[in-house]
Engineer: 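Starting off with a structure, shown below.
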Amino acid sequence: MMARLFVLDVAEFQPLVAAAATSGYAVERAGDYAVIDSAGSPLLIRHAQTGMREALWFGSLTGGYEGRLEAFDDDMLRIG
Amino acid sequence: MNSVLTVELEPYGVDHLAFVTWDPAATLRFYRDVMGFPLVHAITARGWGIDAHPDFVHFFFAIGKGSHVAFFYYFGHPPEDVLPTALMKRARHLALHVETEGELLAYRSRLIAAGIRVTHPVAHEVIESIYFDDPNGIQLEVTRPLRAFDARDARDADLTLQALIADIAAGEPSGAGMWRHKGKIVGEKLAVPVA
């Protein structure tokens with residue numbers, strides 16, 4: 001299983017990257033993106049962890065993902 | 001080579017965006033008196049050119065930087081439902097640009113004082129906006145930038161459109177499918193080894 005999330009490395013998405021890092025996921029900067037890699041386990045980020053405004057939170061997948069999208073709602077983003 | 005293709009062209013922005021109104025009095029009151037956009041031009045004409053084109057009035061409000069919002073009023077033409085669904089109405093909107101939060105909130109106060117329903121400011125990725133309707137049912141927005149677009153945004157937008165087109169071509173397009181295509185495109189481009 002592989003779960004990776006690509007996040008455009010711009011100011012408004014830094015709370016998403018920070019929440020992933022706080023959760024212990026590997027974060028690597030490459031090109032225009034922060035690459036969040038859950039190293040074989042499911043990747044779970046909760047909306048509440050990020051403090052992101054709703055309109056912004058629901059754009060969290062804009063950079064794309066690898067894996068299987070299991071949940072993306074007001075509460076959480078989970079990629080298995 | 002065709003010389004038309006070698007000329008560098010860049011538009012200067014919006015000259016005018018045209019809508020239809022069935023209620024010119026309410027439209028004038030809203031755009032001139034509530035929004036404060038000067039009425040700067042009005043054409044009145046006999047219907048011409050196309051068979052059965054009605055006589056009309058075409059009037060223009062200045063919205064800054066040489067741009068205008070314009071309306072047609074057609075004589076003797078019954079109102080048509082030009083806004084078929086709520087989703088399409090929200091989609092086809094006109095967003096007016098302001099620079100500061102103060103200006104955004106001032107427009108909001110002005111609308112509220114005129115008894116017009118307006119949303120609270122909504123902060124999106126790179127803009128913050130208020131939404132409201134004009135008397136014709138046209139959705140309007142006043143928006144301010146939270147940051148400027150930069151080259152990363154343009155590069156990412158190009159990859160997003162690649163992903164969208166690929167997902168549509170694959171059949172049964174969805175948000176999840178588009179984001180998966182985007183991940184594939186970005187992953188291949190970055191070539192970052194999986195942890």
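Letters A, B, ... mirror the listed sequences (proteins, then strands); counts begin at 1.
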Engineer: Any chance you could measure B:Arg180, atom CZ, to A:Leu69, atom CG, to the nearest 0.5 Å?
Structural biologist: 8.5 Å
Engineer: Do B:Ile127 and B:Leu104 land in one hydrophobic cluster if side-chain heavy atoms of ILVMFWY residues count as linked below 4.5 Å?
Structural biologist: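 No, B:Ile127 does not connect to B:Leu104 through the hydrophobic network.
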Engineer: According to a hydrophobic-cluster definition based on side-chain heavy atoms being under 4.5 Å apart (Ile, Leu, Val, Met, Phe, Trp, Tyr only), do B:Ile165 and B:Val186 belong together?
Structural biologist: no
Engineer: May I ask you to check whether over 12 heavy atoms, not counting those of B:Phe149, lie within 6.0 Å of atom CZ?
Structural biologist: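 No.
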Engineer: Under a 4.5 Å cutoff for heavy-atom pairs, which residue among B:His181, B:Glu125, B:Arg155 has the most contacts with chain A?
Structural biologist: B:Glu125
Engineer: Report which part of B:Ile185 has an atom under 4.5 Å of a heavy atom belonging to chain A: side chain, backbone, both, or neither.
Structural biologist: neither
Engineer: Considering only heavy atoms, which portion of B:Ala163 lies under 4.5 Å from any heavy atom of chain A: side chain, backbone, both, or neither?
Structural biologist: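 No part of B:Ala163 comes within 4.5 Å of chain A.
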Engineer: Taking all atoms of both residues into account, what is the closest heavy-atom pair of B:His124 and A:Ala55, and its distance?
Structural biologist: ND1-CB, 3.7 Å
Engineer: State plainly whether one hydrophobic cluster holds both B:Phe72 and B:Val14, where clusters connect Ile, Leu, Val, Met, Phe, Trp and Tyr through side-chain heavy atoms under 4.5 angstrom apart.
Structural biologist: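 Result: no, two separate clusters.
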Engineer: Tell me, with the steps shown, if B:Leu159 and A:Tyr33 meet side-chain contact (heavy atoms from CB on, under 4.5 Å).
Structural biologist: CA-CA 12 Å; B:Leu159 301 183; A:Tyr33 297 86; 3.5 Å; yes
Engineer: Once you round to the nearest 0.5 Å, how far does OG1 of A:Thr62 lie from NZ of B:Lys182?
Structural biologist: 6.5 Å
Engineer: Under 4.5 Å between side-chain heavy atoms, hopping through other hydrophobics if needed: is there a path connecting B:Leu105 to B:Phe132?
Structural biologist: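 Cluster IDs for B:Leu105 and B:Phe132 differ.
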Engineer: Quick check for you: among A:Ala11, A:Gly63, A:Gly67, which has the greatest number of heavy-atom pairs under 4.5 Å with chain B?
Structural biologist: A:Gly63
Engineer: Which pair of heavy atoms, one from A:Leu8 and one from B:Arg152, lies closest together, and at what distance?
Structural biologist: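 A:Leu8 and B:Arg152 have their closest heavy atoms at CD1-O, 4.0 Å.
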Engineer: OH/A:Tyr65 to NZ/B:Lys184 distance, rounded to the nearest 0.5 angstrom?
Structural biologist: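 Answer rounded to 0.5 Å: 13.5 Å.
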Engineer: Following the transitive rule for hydrophobic clusters with a side-chain heavy-atom cut-off under 4.5 Å over Ile, Leu, Val, Met, Phe, Trp and Tyr, establish whether B:Tyr131 and B:Ile116 coincide in one cluster.
Structural biologist: no
Engineer: Using a 4.5 Å cut-off on heavy atoms from C-beta on, say whether the side chain of B:Val192 contacts that of A:Glu28.
Structural biologist: yes
Engineer: Output, in order, the C-alpha distance, side-chain angles, deciding distance and verdict of side-chain contact (heavy atoms from CB on, under 4.5 Å) for A:Phe6 and B:Leu190.
Structural biologist: CA-CA 10 Å; A:Phe6 302 102; B:Leu190 299 181; 4.0 Å; yes
Engineer: Contact part of A:Val10 toward chain B, heavy-atom cut-off under 4.5 Å: side chain, backbone, both or neither?
Structural biologist: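 Both parts, heavy atoms under 4.5 Å.
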Engineer: Looking only at heavy atoms, what is the nearest atom pair of B:Ala123 and A:Arg53, with distance?
Structural biologist: CB-NE, 2.9 Å
